Amino acid sequence: MKPMNADVLHVFKKGFSFVVDGPGNRLVYHLQGCNFRCPWCANPECFRAPEGQGMPIADMIAEAKQSESLFFAGGGVTFTGGEPTCQFEALRTALQGLKQNGIHTCIESNAAHINLPELYPLIDFLILDCKHYDSTQHRKWTGQGNETVLQNIAAAARSHPHLLVRIPLVSGVNAAVEDAAAFADLFQAMGDFPVELLRYHEFGKPKWEQNGMKYTMRDAQVTPEQAARFKAKLCQKEKRDIC
């Protein structure tokens with residue numbers, strides 16, 4: 001594989017988002033590439049490997065500086081995906097440039113990159129997914145085990161002041177009450193950080209067919225009652241902020 005240029009980032013979508021992708025109003029860059037293959041993915045177009053010219057990081061930083069007046073309520077720039085760490089060196093360069101210009105930074109990551117902790121000092125707000133507590137099940141649903149994921153979340157819990165861990169709740173995968181208990185036991189050993197529950201949705205389903213892929217999820221919806229039971233069990237086992 002041809003090495004990627006560390007001076008450009010391959011972006012498949014960008015736009016502003018309020019609160020959803022980190023604090024405040026944020027300029028969000030969806031980066032190409034992902035090392036997971038979650039069958040419920042809302043952005044399957046990210047599966048394609050980065051190609052083409054890409055966006056020069058200098059232009060991206062200039063765009064962020066021009067947008068500073070829109071970064072209200074503690075906003076800034078968020079890198080998501082896809083999986084942003086698939087373009088690791090370019091991502092590092094972009095984060096460094098934004099920090100040098102006083103722009104608040106955030107990434108949303110699956111936490112699977114072995115060198116992810118190297119980026120922690122460059123990230124003001126860190127959002128990490130924990131899709132499953134069991135490595136065998138994690139590999140079944142994503143294509144990779146969760147050992148590095150859990151190591152990186154634990155490292156962030158020890159050292160990063162603004163960590164949010166997200167669990168994408170998917171019925172038949174990780175949304176049962178016994179799953180909540182297992183997640184609680186796992187997180188208790190890691191430290192104190194807030195957890196956000198994201199209920200399964202099918203917003204990305206049409207894009208699978210548009211990109212020539214079959215959408216295989218069935219009966220994966222999580223009802224409000226099911227999510228409430230999950231949250232109650234998580235809180236019962238361990239007292240922490242759940243949203």
Side-chain angles (χ1 to χ4, degrees), residues 17-23 34-44 78 80-83 106-112 116 125-158 160 162-205 208 215-243:
S17 173
F18 182 65
V19 177
V20 175
D21 298 284
C34 190
N35 51 337
F36 283 6
R37 289 296 181 268
C38 306
W40 56 83
C41 183
N43 294 309
T78 295
T80 184
E83 171 50 44
C106 173
I107 74 165
E108 297 175 308
S109 173
N110 62 28
L116 177 62
F125 195 89
L126 180 61
I127 303 173
L128 300 179
D129 272 8
C130 189
K131 301 179 192 296
H132 212 288
Y133 53 87
D134 179 81
S135 190
T136 299
Q137 288 297 310
H138 195 280
R139 184 177 298 279
K140 172 184 175 180
W141 293 106
T142 73
Q144 290 195 23
N146 70 358
E147 289 82 4
T148 301
V149 172
L150 301 186
Q151 290 170 10
N152 286 337
I153 293 175
R158 291 191 301 269
H160 202 284
H162 302 293
L163 167 67
L164 173 66
V165 173
R166 284 178 171 168
I167 302 175
L169 282 185
V170 184
S171 186
V173 177
N174 64 359
V177 170
E178 54 267 30
D179 294 318
F183 274 115
D185 290 341
L186 175 67
F187 294 157
Q188 187 173 33
M190 291 182 175
D192 185 22
F193 48 82
V195 174
E196 183 176 19
L197 307 179
L198 301 179
R199 288 166 54 200
Y200 168 84
H201 60 74
E202 294 185 342
F203 299 157
K205 183 177 179 179
W208 281 74
Y215 192 80
T216 60
M217 296 302 296
R218 298 289 184 274
D219 302 319
Q221 286 80 5
V222 176
T223 66
E225 294 77 17
Q226 187 178 3
R229 289 193 296 270
F230 187 100
K231 180 178 179 179
K233 188 64 175 181
L234 200 59
C235 292
Q236 177 188 357
K237 289 279 290 185
E238 184 190 11
K239 304 299 181 184
R240 70 170 66 236
D241 291 334
I242 311 290
C243 49

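Fair warning: this is a prediction, and the values are worked out from it, not measured in the lab.
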Sub-4.5 Å side-chain heavy-atom contact between [X] and [Y]:
X	Y	answer
Pro39	Trp141	yes
Leu164	Leu128	no
Val173	Trp40	yes
Thr78	Ile107	no
Val170	Met217	yes
Leu126	Phe193	no

So which heavy atom on [X] is nearest to which on [Y], and how close?
X	Y	answer
Ala175	Phe230	O-CD1, 3.5 Å
Ala112	Asn110	N-OD1, 3.0 Å
Cys130	Pro168	O-CD, 3.9 Å
Pro194	Leu163	CD-O, 3.2 Å
His138	Phe36	CE1-CZ, 3.5 Å
Asp21	Ile127	C-CD1, 4.3 Å

Could you give the distance from [atom1] ([X]) to [atom2] ([Y]), rounded to the nearest 0.5 Å?
X	Y	atom1	atom2	result
Thr216	Lys205	OG1	NZ	10.5 Å
Asn35	Gln144	CG	CD	4.5 Å
Arg139	Asp134	CZ	CG	11.0 Å
Lys231	Ile167	NZ	CD1	12.0 Å
Glu83	Asp129	CD	CG	8.5 Å

query: Ignoring hydrogens and geometry, is there a side-chain-to-backbone donor-acceptor pair from Arg199 to Val222 under 3.5 Å?
result: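 Indeed, once roles are kept as given, a pair shorter than 3.5 Å links the two residues.
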- request: Measure from the side-chain N and O atoms of Asn174 to the backbone N and O of Lys131, and report whether any donor-acceptor pair falls under 3.5 Å.
  value: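 It does hold such a pair.
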Extract all donor-acceptor atom pairs below 3.5 Å that involve side chains of residues 145-155 and protein atoms in other chains or at least two apart in sequence.
unit_1: Asn146; atom_1: OD1; unit_2: Ser135; atom_2: OG; d: 3.4
unit_1: Asn146; atom_1: ND2; unit_2: His132; atom_2: O; d: 3.1
unit_1: Asn146; atom_1: ND2; unit_2: Tyr133; atom_2: O; d: 3.2
unit_1: Glu147; atom_1: OE1; unit_2: Ser135; atom_2: OG; d: 3.2
unit_1: Glu147; atom_1: OE2; unit_2: Ser135; atom_2: OG; d: 2.8
unit_1: Asn152; atom_1: ND2; unit_2: Ala111; atom_2: O; d: 2.8
unit_1: Asn152; atom_1: ND2; unit_2: His113; atom_2: O; d: 2.9
unit_1: Asn152; atom_1: ND2; unit_2: Thr148; atom_2: O; d: 3.4

message: Can you classify the ring geometry of His160 versus His162 as parallel (below 30°), tilted (30 to 60°) or perpendicular (above 60°)?
response: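 Perpendicular, since the angle between the ring planes exceeds 60°.
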task: Verify the distance criterion only: is there a donor paired with an acceptor across the side chains of Gln221 and Ser171 at less than 3.5 Å?
output: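 Note: Gln221 and Ser171 side chains miss the donor-acceptor criterion.
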